[in-house]
Amino acid sequence: MKFFTLVWAGLKRKKLRTSLTLLSVFVAFLLFGLLCAIKEAFTAGVSLAGADRLIVRHKVSLIMNLPESYRARIEKIPGVAAVLSFTWFNGVYQNEPRNFFGSFPVSDPAKFFQIYPEYLLPEDQLEAWLKTRTGAIVGRTLAERFGWKIGDRIPLTSPIWPRKNGGAWEFDVVGIYDGAKKGTDTSGFYFRYDYFDEGRARGEGLVGWYGVKIEDPDHAAEVAAAIDAEFANSPYETKSEPEGAFIQGFAQQIGDIGTILIAILSAVFFTILLVAGNTMAQSVRERTEELGVLKAMGFSNGLVLTIVLLESCLLTALGGLTGLGAAWLIAARGSPVPNMLPVFYLPLQYVGIGVGLVLALGLVAGIVPALQAMRLQIAVALRRNA
Amino acid sequence: MTANNGTLVRVQGVDKIFRRGSEEIHVLKGLNLEVPKGEFLALMGPSGSGKSTLLNLIGGLDRPTRGVVEIGGERIDQMSDRELAAWRSRHVGLVFQFYNLLPVLNAHRNVELPLLLTHLTKAERSKHVDTALKVVGLSHRARHYPRTLSGGEQQRVGIARAIVTDPTLLLCDEPTGDLDRKSGDEVLSLLQALSREHGKTIIMVTHDPHASARATRTLHLDKGQLTDEPVK
């Protein structure tokens with residue numbers, strides 16, 4: 001700690017250069033934090049996906065529907081605990097395309113919270129949903145986004161599913177659910193299938209996909225195979241897979257987010273390594289005589305090495321930790337595009353990786369100048385001034 | 001820290017050869033020197049005669065090619081880099097021609113630097129720094145940065161930094177070389193006082209006969225050898 005003044009003084013020497021380097025490191029780690037939040041937004045569902053859940057969809061494509069009658073047949077397959085159908089409704093609020101969010105008719109509301117225990121809804125609100133045909137339950141994030149509360153009547157239009165009478169669909173908010181874990185998506189809008197099926201202008205009796213809870217996650221592959229076998233050679237063949245694999249496949253329609261992230265960050269960090277390394281190299285070169293004087297006073301080679309490395313680490317820590325902090329604050333304010341990325345936060349594990357990268361960047365950027373400073377011969381260093 | 005006969009510095013049969021490519025430059029040749037404790041010795045000689053090289057060897061900043069360098073009975077030419085660094089921090093104070101203060105630290109912090117290598121607390125270090133600055137008459141300039149100090153003041157800060165650990169040996173390389181006559185006289189008076197009143201052993205390299213006149217003994221270096229007579 002007593003050497004901190006010396007380390008800090010090294011950074012203050014060229015304030016403009018230090019500030020610009022700090023800014024570079026800050027931007028790099030801000031980018032790192034935000035990209036990690038985006039990656040999490042795309043993959044959060046995978047990590048939170050229930051190991052005991054399968055998704056059953058049309059074998060050809062997710063956009064092709066399945067008969068609702070499959071629900072009863074799936075329920076009878078050994079190993080299946082509960083089944084629920086979903087359909088992509090594509091609801092838009094107030095006819096404003098920006099006011100778009102995930103909205104789904106659910107075939108059996110009573111089983112919804114049995115299959116998805118990560119959603120929490122008070123008992124009385126569940127009762128109200130079961131009793132109200134036009135009832136809808138809304139995630140906390142979505143409710144806050146539009147200022148909805150229980151009792152509100154919400155008109156939605158759907159470009160996919162117009163009503164028979166041509167007007168807007170109307171729903172009564174009967175419950176607001178929360179997430180049991182951080183990262184649980186609470187931006188959904190769920191309503192009753194019976195109300196939806198009776199009201200839609202076309203596609204009666206069809207659903208988008210099934211969510212299936214199985215009794216034993218160890219037998220997921222066997223149950224999935226049994227479901228697909230049940231509907232083999234029918235007009236609506238199915239593809240069953242674990243929920244995590246389904247979500248991952250969905251995210252990868254956009255691209256391999258992880259690979260894209262690593263490619264961008266590798267380029268950014270390589271550049272920052274050069275910037276920080278160059279700053280440290282210049283700083284040490286300019287101080288050759290001073291380092292010689294310190295060694296002449298009795299500062300050992302190891303101590304000089306440590307001081308230069310600490311200076312490098314302090315430089316990256318100031319910029320990097322501030323950048324990570326800023327990313328965390330931005331992410332904490334919520335998703336900038338809630339309709340596209342409803343789950344948006346910076347998980348602690350990425351903050352930990354960021355801190356590790358800060359330290360690694362400081363060490364790698366500083367090691368060559370530090371070794372040069374360590375190997376500096378006192379007599380040679382002092383002669384430079386003469 | 002003296003040998004039994006009162007000699008603090010003993011240099012015996014020292015050679016120093018620098019290599020520049022394939023060329024060998026023999027700077028010191030079988031040089032012998034003894035400096036008693038408390039002496040204020042001036043080393044004179046033309047440029048390139050090896051004055052600073054000899055000072056570096058005595059201060060443990062460099063190693064002889066051959067020969068013995070013994071300070072207070074300790075063979076410093078045989079010490080490892082680590083031992084030598086620790087030895088320097090305890091026994092040597094250095095004063096440079098161009099002061100070599102750290103521009104980003106104020107006078108107080110500059111003087112404190114050698115004390116960072118000790119186990120003293122912050123308060124103890126501060127007390128030592130105050131004392132050293134008082135000795136050189138710069139207590140009132142403790143919070144000033146080098147760029148706001150005159151050359152003479154900077155050199156006095158340099159002297160305060162050299163004496164703050166109360167070293168056995170004070171090595172001064174052209175301490176007045178970058179100063180005007182008045183400032184140079186002040187610095188020389190200070191060195192004289194440190195020798196007379198505080199018993200410091202001082203070895204000063206200088207070109208200036210006026211400066212060497214303040215020393216208790218003057219030796220001349222020529223062609224790698226010491227003589228009592230000025231080089232003609």
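The shown structure was predicted, so the numbers you read here are calculated from the model rather than taken from an experiment.
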Next on the checklist: If I take atom CE from residue Met297(A) and atom CG from residue Leu94(B), how far apart are they, to the nearest 0.5 angstrom?
Outcome noted: 8.5 Å

Checklist entry - chain A heavy atoms under 4.5 Å from Phe18(B): which part of the residue, side chain, backbone, both or neither? => result side chain

Checklist entry - With a cut-off of 6.0 Å (strictly less than), are more than 12 heavy atoms of other residues, nucleotides or ligands near NE2 of His108(B)? => result yes

Next on the checklist: Tell me if a side-chain donor or acceptor on Arg88(B) pairs with a main-chain N or O of Lys295(A) at a distance below 3.5 Å.
Outcome noted: yes

Checklist entry - How long is the span from the CG atom in Leu382(A) to the CG atom in Asp173(B), to the nearest 0.5 Å? => result 8.5 Å

Checklist entry - Below 4.5 Å, heavy atoms only, C-beta onward: do Val293(A) and Leu101(B) meet side chain to side chain? => result no

Next on the checklist: Is it the case that over 12 heavy atoms from other parts of the model lie below 6.0 angstrom from the NZ atom of Lys2(A)?
Outcome noted: yes

Checklist entry - Is chain A contacted by the side chain of Leu113(B), its backbone, both, or neither, given a heavy-atom distance below 4.5 Å? => result both

Checklist entry - Tell me, side chain or backbone of Arg125(B) under 4.5 Å from chain A's heavy atoms, or both, or neither? => result side chain

Checklist entry - When rounded to the nearest 0.5 angstrom, what is the spacing between CD in Gln377(A) and CG in Asp81(B)? => result 9.5 Å

Next on the checklist: If you compare all heavy atoms of Ala85(B) against all heavy atoms of Ser300(A), which two are closest, and at what distance to 0.1 Å?
Outcome noted: CB-CA, 4.0 Å

Next on the checklist: Let's test your reading of the structure: which of Val92(B), Asp62(B), Leu84(B), Leu102(B) forms the most heavy-atom pairs below 4.5 Å with chain A?
Outcome noted: Leu102(B)

Next on the checklist: Please give me the minimum heavy-atom distance between Leu105(B) and Thr5(A), naming the atom from each residue.
Outcome noted: CD2-CG2, 4.0 Å

Checklist entry - Are Glu289(A) and Asn100(B) close enough, and set up right, to give a side chain to side chain contact (heavy atoms under 4.5 Å, CB included), and what steps lead you there? => result CA-CA 8 Å; Glu289(A) 299 85 6; Asn100(B) 285 90; 3.9 Å; yes

Item to check | Side chain, backbone, both or neither of Arg82(B) within contact of chain A (heavy atoms, under 4.5 Å) | outcome: neither

Item to check | Heavy-atom pair of closest approach, residues Arg13(A) and Pro103(B) | outcome: NH1-CG, 3.8 Å

Checklist entry - For the residue pair Ala296(A) and Phe96(B), what are the closest heavy atoms and their distance? => result CB-CZ, 4.4 Å

Item to check | Under 4.5 Å from a heavy atom of chain A, the part of Ser47(B) involved | outcome: neither

Checklist entry - At what distance, to the nearest 0.5 angstrom, does CG of Leu116(B) lie from CZ of Phe3(A)? => result 5.5 Å

